[in-house]
Protein chains: 2
Amino acid sequence: MDVKVFAKLVGKSLLKNETVVAFMKCNVSYSGRAESVLGEGDRMIVIKSDNTVLVHQPEGNNPVNYMKPGSEITFEDNILHVFNAKEKAWLDVEMLEVYDVAKKKLEDGQKLDLAGNEKDMSDFLRDNPHKISSDFKPEKREHQTDVGFIDLFGHDGQGNLVVVECKRVTASLMAVDQLRRYVERVKQIKGVENVTGVLAAPGITPNAKEMLSSWGFIFSKVEPPKRLERWQKDQKSLAEF
Amino acid sequence: MDVKVFAKLVGKSLLKNETVVAFMKCNVSYSGRAESVLGEGDRMIVIKSDNTVLVHQPEGNNPVNYMKPGSEITFEDNILHVFNAKEKAWLDVEMLEVYDVAKKKLEDGQKLDLAGNEKDMSDFLRDNPHKISSDFKPEKREHQTDVGFIDLFGHDGQGNLVVVECKRVTASLMAVDQLRRYVERVKQIKGVENVTGVLAAPGITPNAKEMLSSWGFIFSKVEPPKRLERWQKDQKSLAEF
DNA sequence: ATATAGATCTCGTCA
DNA sequence: TGACGAGGTCTATAT
């Protein structure tokens, strides 16, 4: 397809809220929070109806270049200019040959329903405190407070305060850093010393475990729960690997 | 397009290393590290030549669902099954109507050249140590060693060891956590107490600054350098916003 | 394969 | 709007 024809097509499509995808040979350059150049090659360019632009190479999960929603899209000769004032960024696609184009106005009012995130995990632990310890009494599941963004907060049978940090994947050194910071904040704000730190996760790396122990904190092995029960059957068959 | 025709087209395209994109009305379900369902709506489905699968809604930067490279792609009636044994994950796309399809074998041997990342920043500080302090002497830019992944390590005129952590964006509490952990490791391993921690970043959040000070560490305002000098002119015009 | 940390991270949420 | 932390994070690198 002729590049000028493509430019007109994109202009019309954007007015009609269509999403456009094109296969083309191109050079790409970007400047914004960082800078990049990408030499001549074949890519898939996506222009969404919210003026998101994606540049995909033939392999890999992620776009090699992108511009966020709300960008301005213009054409100048064979250059596709994408500009985002808020991000102070621009992307230029030098179009050498447009192979094929497809477009469609997509009607989609649905939102993804996802289960198994960290919130599901701390909800589960609040309702099943024995997973932490036999005498753990949860008090609050909180997000932002003056003591930080603690996942789960409570106390034990001896009156010690307990701070629980949840991770849905193997806990790393950074998770221990985070727990340590929360425990120190609680000690500071509550003016007490007997605060127990608990890291709840399906696993922990060796160095993180060592650091956890050195701070007197406790690891609690907990799997992230899966709320969408209808998938349990399928999960079981997957577990047979 | 008929769904069965689409299935055959995809099968043939994958054999030819083509990338396929389709606009369709569909339901999507996923199970793997988490689980999700997405009700009926119009989406763009991308099947790359490395068997990456992306599901894009008409708005937003990121795919609403995806499967990593190396997945198995099969069809059963009007269901597109994507399965990844390594990830123990599957994705089902119930195809209700295929509106349009485009495909192309993309030839691309190029790699992105990107400037302004954290490595560029620590390289710059090694070559311009006065940006840290007048008497800073860099010794090593190291990645993994026995003292951790320290960005830049050196000493000052008084013989104090200096640990520099670089951040290309505003430094947060987590950056201070990281620096603190590195400084403590250096103290431990070198058996000395006089270790200075420096956080080099274009900015720092108020809480992070307070925590940094409380640990006796120093903030050094440094912008991430832009190595691709050909863009400096454009950067200047962008800076005029 | 695991561990570690960066990323043009993106995204949601809350003060 | 900034701050903070999660993410099906993903990706690169080193062990």
Side-chain angles (χ1 to χ4, degrees), chain A residues 30-36 52 55 60-69 84 86-91 111-112 114-122 142-146 148-151 165-175 177-178 181-182 203-209 224 226, chain B residues 30-36 52 55 60-69 84 86-91 111-112 114-122 142-146 148-151 165-175 177-178 181-182 203-209 224 226:
Chain A
Y30 153 78
S31 181
R33 286 182 293 204
E35 298 179 323
S36 73
T52 297
V55 181
N61 220 68
N62 289 343
V64 66
N65 280 114
Y66 59 89
M67 291 287 280
K68 287 188 175 177
N84 194 306
K86 195 184 151 206
E87 299 282 327
K88 296 185 184 178
W90 55 258
L91 178 80
K111 288 219 165 180
L112 189 74
L114 191 137
N117 55 15
E118 200 185 83
K119 186 175 176 303
D120 286 335
M121 201 167 159
S122 56
E142 41 192 355
H143 291 281
Q144 284 106 323
T145 72
D146 55 352
F149 298 27
I150 296 170
D151 289 325
E165 172 62 26
C166 300
K167 290 292 166 196
R168 61 183 305 287
V169 293
T170 302
S172 66
L173 289 165
M174 280 182 168
D177 282 340
Q178 219 179 103
R181 172 152 49 88
Y182 294 159
I204 185 166
T205 65
N207 287 348
K209 195 178 177 75
K226 304 206 168 172
Chain B
Y30 154 80
S31 182
R33 285 186 293 207
E35 299 177 323
S36 73
T52 297
V55 180
N61 222 66
N62 290 344
V64 66
N65 279 114
Y66 59 88
M67 291 288 279
K68 287 188 175 176
N84 194 305
K86 195 183 151 205
E87 300 281 327
K88 295 185 184 178
W90 55 258
L91 178 80
K111 288 218 166 182
L112 189 75
L114 191 139
N117 55 16
E118 200 185 84
K119 186 176 177 301
D120 286 334
M121 201 166 158
S122 56
E142 38 192 357
H143 291 280
Q144 283 105 325
T145 73
D146 55 352
F149 297 29
I150 296 171
D151 289 326
E165 171 63 26
C166 301
K167 291 291 165 195
R168 61 182 305 288
V169 292
T170 304
S172 66
L173 289 166
M174 279 184 169
D177 282 340
Q178 219 179 102
R181 172 153 49 87
Y182 295 158
I204 186 167
T205 64
N207 287 347
K209 195 179 178 77
K226 306 218 165 164

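Just so it is clear: chains get the letters A, B, ... in the order the sequence lines come, proteins before strands, and each one is counted from 1.
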(message) Roughly how many Å apart are dT4(C) and dG8(D), using the P atom of each and rounding to a whole number?
(response) 22 Å
(message) Can you list everything that forms a side chain to side chain contact (heavy atoms under 4.5 Å, CB included) with N62(A)? Sequence neighbours excluded, please.
(response) none
(request) Using atom CG of D120(B) as one end and atom C1' of dG6(C) as the other, report the distance to the nearest whole Å. (result) 13 Å
(request) Quick one: list whatever passes salt bridge (charged side-chain N to carboxylate O under 4.0 Å, His left out) with K209(A), sequence neighbours left out. (result) none
(message) What is the distance, to the nearest angstrom, from the CE atom on M121(B) to the P atom on dT8(C)?
(response) 14 Å
(message) Any heavy-atom pair between the side chains of V55(A) and P63(A) that's under 4.5 Å?
(response) no
(message) Would the distance check show the side chain of R168(B) and the main-chain N or O of R33(A) forming a donor-acceptor pair, the cut-off being under 3.5 Å?
(response) yes
(message) Would you measure the distance from the C1' atom in dA7(C) across to the matching atom in dG5(D) and give it in whole Å?
(response) 15 Å
(request) Produce a footprint string for nucleotides 1-8 of chain D: one letter per nucleotide, 5' end first; B if the base is under 4.0 Å from any protein heavy atom, S if only the sugar-phosphate is, - if neither. (result) --SSSSSB
(request) Specify the closest pair of heavy atoms between N84(B) and P69(B), including all atoms of both residues, with the distance to one decimal. (result) ND2-O, 3.6 Å
(request) Can you tell me the distance, in whole Å, between the CG atom of D177(A) and the P atom of dG6(C)? (result) 11 Å
(request) For the residue pair K167(B) and M121(B), establish whether any side-chain heavy-atom pair is separated by less than 4.5 Å. (result) no
